[in-house]
Number of protein chains: 2
Amino acid sequence: MKSRCENCIIRQFNSLRAMSKEELKRVSDTKTTKIIKKGDPIFSEGEKLNGVFCVRDGVSKLSKLSANGKDQIVKLASKGEVMGQRSVIAEESSNLSAVAVSDMEVCYIPKEGIVDALHQNPNFTVEVLRHMAHDLREADDVIVNMSQKTVKQRIAEAFLYLRDNFGEDAEGYLSITLSREDIANVVGTATESCIRIISEFKKKKYIKTSGKKIGVQDEKKLRDLVDGF
Amino acid sequence: MKSRCENCIIRQFNSLRAMSKEELKRVSDTKTTKIIKKGDPIFSEGEKLNGVFCVRDGVSKLSKLSANGKDQIVKLASKGEVMGQRSVIAEESSNLSAVAVSDMEVCYIPKEGIVDALHQNPNFTVEVLRHMAHDLREADDVIVNMSQKTVKQRIAEAFLYLRDNFGEDAEGYLSITLSREDIANVVGTATESCIRIISEFKKKKYIKTSGKKIGVQDEKKLRDLVDGF
DNA sequence: GCTTTAACCTGACTAATATCATGTTTTAGG
DNA sequence: CCTAAAACATGATATTAGTCAGGTTAAAGC
């Protein structure tokens, strides 16, 4: 049994909510749902995308390979986010790779349904535009953080960001579990430096760990650090 | 005598070209043209924008203040570029400040004409969307550069970027003249470090200078440096 | 359950870059 | 034209973060 986009609550979180009944029906008829295992790729940098991916469950990292062979994670996409929009809209091959960070369920939507709606339904287009404007603002903020904050500050900020955007479990650990290497690739540092700073934070009781899980323990201290106190 | 948007060649470079005759007429009727002196602000971070600014001549730096008091320049806008779009679309106050880097002529276009066109003319909306998708890709590239490249590489890249995007004069100097501090703020480094590296490049004959003007002299060496050779 | 591999961790060293101090040149204003 | 301020420049030093090398622990495959 295939579920319908019309009934998908995920839609409430993204631009698809601005689609008309008919547009949504078409999208639903052409979409395919995929199960993706943790660690598996969804698409790769340079690949021509013929559709977008709507995340129903799990988290994906969107990264770009740098000249020195390191992956810079530019965004983490979770429930409700649409991946590959930018490339489809700009009619360019993807500038990012997407890899599942946890087990995922995503819907693949062929671009035709999206592109046609963009040209015919201004409400939908404006909605997509708003989303992209938001992403652009976030990107500006990241640029400033990268150039003006220390690695320590960026790691502290990353934990707060992960907690605020992905939540925490009953014991106060982050719902999202990233490897140290992934965290390093989010903040743009060497894995060893990242591990060292995590150890330091743990020693200072800013955070707590349990296996791979990490939990924010002293929000204020972390925030002060980020703000430069 | 007031010039009309319909006849403005600048329009060819931006999303306004996708507007209908009527929409353009309205924009032209409500716009005002301003002369802005080098160093003068156009708008500031946090300010609520009630319109966008279309650059007719000159260059503006778009920057964001970081916690440690430094300005990070996120973009340089020149002829044909529209500033403030993002904020107007997202209906947020501006996340960036705009300051004239050279004497400028800009047209201020009240947002109503833009917003209404966005909701009524899908071609225009898609055109704006494409532009923003492009900007977002560039932002991703900047993030990777910031985190993965050395200051030296970023400065080398900046000179090549400035030449490719703003051109050079008959003697081979960059058409755009930035202070050392501005260059430092583009690449996200300390002014002293920037000056030092410029001196080094000059000594190695990668670039030449004449007063404040800088010219690319050895493109290949600069490019090799950027690419990590 | 054992073995292999990947992830995590720590120390020592090095390279890159920021900061501070100070001097010189250029530019702008009266 | 003169003077003050801003921009440019360079040296010395301190700090940050990257790299290399060697471990330990945890996880995955046979």
Side-chain angles (χ1 to χ4, degrees), chain A residues 37-40 61 66-72 99 101-103 145-158 177-204 207-214 225-226 228, chain B residues 37-40 61 66-73 99-103 145-158 177-204 207-214 225-226 228:
Chain A
K37 277 250 204 13
K38 176 177 173 174
D40 283 353
K61 58 177 172 182
S66 71
N68 56 30
K70 266 190 201 158
D71 244 11
Q72 174 68 40
V99 173
V101 159
S102 62
D103 289 342
N145 281 343
M146 283 295 176
S147 70
Q148 309 285 1
K149 293 204 163 125
T150 64
V151 171
K152 211 174 280 191
Q153 290 177 307
R154 301 206 301 270
I155 291 180
E157 189 162 42
T177 305
L178 296 174
S179 70
R180 307 297 148 107
E181 189 181 2
D182 280 342
I183 298 172
N185 290 344
V186 167
V187 303
T189 188
T191 308
E192 297 95 320
S193 301
C194 180
I195 289 173
R196 235 183 279 277
I197 290 168
I198 289 176
S199 300
E200 184 193 329
F201 284 178
K202 197 161 61 177
K203 210 170 289 172
K204 290 185 178 166
I207 61 173
K208 58 185 176 182
T209 64
S210 165
K212 290 220 179 312
K213 289 200 139 326
I214 290 177
L225 210 171
V226 172
Chain B
K37 277 249 204 18
K38 177 177 173 175
D40 283 354
K61 57 177 173 182
S66 72
N68 56 32
K70 267 191 200 157
D71 244 12
Q72 174 67 39
I73 297 178
V99 174
V101 159
S102 61
D103 289 342
N145 282 343
M146 283 293 176
S147 70
Q148 309 285 0
K149 294 204 162 122
T150 64
V151 171
K152 211 173 280 191
Q153 290 178 306
R154 301 205 302 270
I155 291 179
E157 190 162 41
T177 304
L178 295 173
S179 69
R180 307 295 147 109
E181 189 181 1
D182 280 342
I183 299 173
N185 290 343
V186 167
V187 303
T189 188
T191 307
E192 297 95 320
S193 301
C194 180
I195 289 173
R196 235 184 280 277
I197 289 169
I198 288 175
S199 300
E200 185 192 330
F201 284 178
K202 197 162 58 176
K203 210 170 290 173
K204 289 186 177 165
I207 60 173
K208 58 185 176 182
T209 64
S210 165
K212 290 220 179 310
K213 291 200 137 326
I214 290 177
L225 210 172
V226 172

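Using a 4.0 Å cut-off, some side-chain N or O of A:Lys212 falls inside it from OP1 or OP2 of C:dC8. Residue A:Thr189 places at least one side-chain N or O closer than 4.0 Å to OP1 or OP2 of D:dG18. At the phosphate of C:dA7, neither OP1 nor OP2 sits under 4.0 Å from any side-chain N or O atom of A:Thr191. Proximity of B:Lys203 to the phosphate of D:dA9: no side-chain N or O atom is located under 4.0 Å from OP1 or OP2. Taking side-chain N and O atoms only, B:Arg196 has no distance below 4.0 Å to OP1 or OP2 of C:dT17. Between B:Ser193 and the phosphate of C:dA18, there is a side-chain N or O to OP1/OP2 separation shorter than 4.0 Å.
Taking the side chain of A:Lys70 as heavy atoms from C-beta on, and the options D:dT19, C:dT19, D:dA7, the nearest nucleotide is D:dT19. Of all nucleotides listed (D:dA17, D:dT10, C:dT19), D:dT10 comes nearest to the side chain of B:Ser199. If you check C:dC8, C:dA18, D:dC8 against the side chain of A:Ile195, the one that comes closest is C:dC8.
In this structure, B:Asn68 places its CG atom 7 Å from P of C:dT19, rounding to the nearest Å. One can place NZ of A:Lys152 at 7 Å from P of D:dT16, the figure rounded to the nearest angstrom. Atom CG of A:Leu178 and atom C1' of C:dC8 are 15 Å apart (whole Å). One interatomic measurement links the two molecules: NZ of A:Lys38 to C1' of C:dA7, which rounds to 11 Å at whole-angstrom precision. Following rounding to the nearest Å, A:Lys149 (NZ) and D:dT16 (C1') show an atom-to-atom distance of 17 Å. For the pair A:Arg180 CZ and C:dC9 C1', the interatomic distance rounds to 9 Å; values are reported in whole Å. Between A:Phe201 atom CZ and C:dT10 atom P the separation is 15 Å, expressed in whole Å. Look at CD1 on B:Ile155: it is 14 Å from C1' on D:dC8, rounded to the nearest Å.
Counting all heavy atoms, side chain and backbone alike, B:Asn68 lies closest to A:Gln148 at ND2-O, 3.1 Å. Taking both residues in full, the closest heavy atoms of A:Thr177 and A:Lys213 are given as OG1-NZ, 3.1 Å, listed atom of the first, atom of the second, then distance. The two atoms that bring A:Gln72 and A:Val186 nearest to each other are NE2-O, 3.1 Å, heavy atoms only. Shown here for A:Arg154 and A:Asn145, the closest heavy-atom pair between the two residues is CD-O, 3.5 Å.
Of the candidates A:Asp71, A:Asp182, A:Asn185, A:Lys61 forms a side-chain hydrogen bond (donor to acceptor under 3.5 Å, both in side chains) with just one, namely A:Asp182.
Side-chain contact check for A:Ile197 versus A:Thr189: every heavy-atom pair is 4.5 Å or farther apart.
Bending across the helix from C:dG1-D:dC30 to C:dG30-D:dC1, expressed as the angle between its end axes from five pairs apiece, amounts to 60° (10° rounding).
Nearer the 5' end of DNA chain D, as judged by each residue's closest nucleotide, is the contact made by A:Thr150, out of A:Thr150 and A:Glu192. Nearest-nucleotide mapping onto DNA chain C: of B:Cys194 and A:Gly211, the residue sitting toward the 5' end is A:Gly211.
Heavy atoms from other residues, nucleotides or ligands lying under 6.0 Å from NZ of B:Lys208 number more than 12.
With sequence neighbours left out, B:Lys204 forms a salt bridge (charged side-chain N to carboxylate O under 4.0 Å, His left out) with B:Glu200.
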